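All of these numbers come straight from a predicted model, not from anything done at the bench.
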Amino acid sequence: MTSTSEQNSPLTPAQVLGLHGEHLVSQWLMQKKCQIVHQRWHSRFGEIDLIARGHSGEGALRKEILAFVEVKTRSEGNWDADGLLSITRAKQKKMRTTARYFLVRHPRLSEMPCRFDVALVSCHRTRPLQGLSLQVPGQPPDRPKYLMLQSYIRDAFC
């Protein structure tokens, strides 16, 4: 859990951009017929950006799944492959531990197959011509920013 002073401190521009990236991904997941179970689920072990309930597979193999989604939002010229390189083994372990704790706290969901997904969101100065995008609110009219879902990686790690 975060302390009271951390909860009341103003968000940095990077954190605000990250929240908008999470919103974009949640909108995309809902378009894909997923239900957002939780956003920014916190525990003492860590945080999971999005937890979504949806379906995987086709025909007779179709089954309901629970996806724990890590959203990485990056500006142009980033150094870590749009956030992909920041999903280290330590980060994966922390997400697995946090997901296990989530399932203990929500036993009705604990029987569902689970997976870990990664959503990479990129920030641009001009509106992307293709794909799902979102104009970041609160930007100066002469310097707008647009977010675009760059890549969504299902089963990014075990």
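- Taking a 4.5 Å side-chain heavy-atom cut-off between Ile, Leu, Val, Met, Phe, Trp and Tyr, the cluster of Val16 extends to Leu11, Leu19.
- The two residues Ser43 and Thr98 make their nearest non-hydrogen contact at OG-CG2, 3.8 Å.
- Listed by chain and residue number, Glu76 satisfy the salt bridge (Lys or Arg N to Asp or Glu O under 4.0 Å) test with Arg125 (two or more places apart in sequence, or in another chain).
- At a threshold of 4.5 Å between non-hydrogen side-chain atoms, the residues Phe116 and Met95 count as touching.
- In terms of modelled atom types and a separation under 3.5 Å, the side chain of Asp49 and the main chain of Val71 share a donor-acceptor contact.
- Applying the salt bridge (Lys or Arg N to Asp or Glu O under 4.0 Å) test to every pair with at least one member in residues 94-108, sequence neighbours left out, gives no pairs at all.
- Under the rule for a salt bridge (Lys or Arg N to Asp or Glu O under 4.0 Å), the partners of Lys91 that lie at least two apart in sequence or sit in another chain are Glu70.
- Of the inter-residue distances, the one linking Ile87 atom CD1 with Leu120 atom CG reads 7.5 Å to the nearest 0.5 angstrom.
- Note that CG of Leu17 is 10.0 Å distant from CZ of Arg74, once rounded to the nearest 0.5 Å.
- Distance check, rounded to the nearest 0.5 Å: SG of Cys123 to CE of Met148 gives 11.0 Å.
- Other residues, nucleotides and ligands place more than 12 heavy atoms under 6.0 Å from the CD atom of Gln31.
- For Asp155, the side-chain contact (heavy atoms from CB on, under 4.5 Å) partners two or more places apart in sequence, or in a different chain, are Arg115.
- Residues forming a side-chain hydrogen bond (donor to acceptor under 3.5 Å, both in side chains) with His55 (at least two apart in sequence, or on another chain): none.
- At least one side-chain heavy atom of His124 sits under 4.5 Å from a side-chain heavy atom of Gln150.
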Which side-chain N or O atoms in residues 59-66 pair as donor and acceptor under 3.5 Å with protein atoms at least two apart or in another chain?
from: Glu64; atom 1: OE2; to: Arg53; atom 2: NE; distance (Å): 2.9

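- When all heavy atoms of Gly21 and Val121 are compared, the closest pair comes out as O-CG2, 4.0 Å.
- Residues satisfying the side-chain contact (heavy atoms from CB on, under 4.5 Å) criterion with Arg127, sequence neighbours excluded, are Ser133, Gln135, Tyr146.
- You'll find the side chain of His20 stays beyond 4.5 Å of the side chain of Thr73, heavy atoms only.
- Using a 4.5 Å heavy-atom threshold, the side chains of Met30 and Gln27 count as touching.
- Distance check: Phe68 CZ to Phe157 CZ gives 10.5 Å after rounding to the nearest 0.5 Å.
- Once rounded to the nearest 0.5 Å, the distance linking CD1 of Ile51 with CG of Asp117 reads 12.0 Å.
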Could you pull out all donor-acceptor pairs under 3.5 Å where a side-chain atom in residues 33-41 meets a protein atom, sequence neighbours excluded?
from: Gln39; atom 1: NE2; to: Ser26; atom 2: OG; distance (Å): 3.4
from: Arg40; atom 1: NH1; to: Glu22; atom 2: OE1; distance (Å): 3.2

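- In terms of heavy-atom proximity, Gly83 sits nearest to Ser86 at O-OG, 2.6 Å.
- Residues passing the side-chain contact (heavy atoms from CB on, under 4.5 Å) test with Ala14, sequence neighbours excluded: Thr12.
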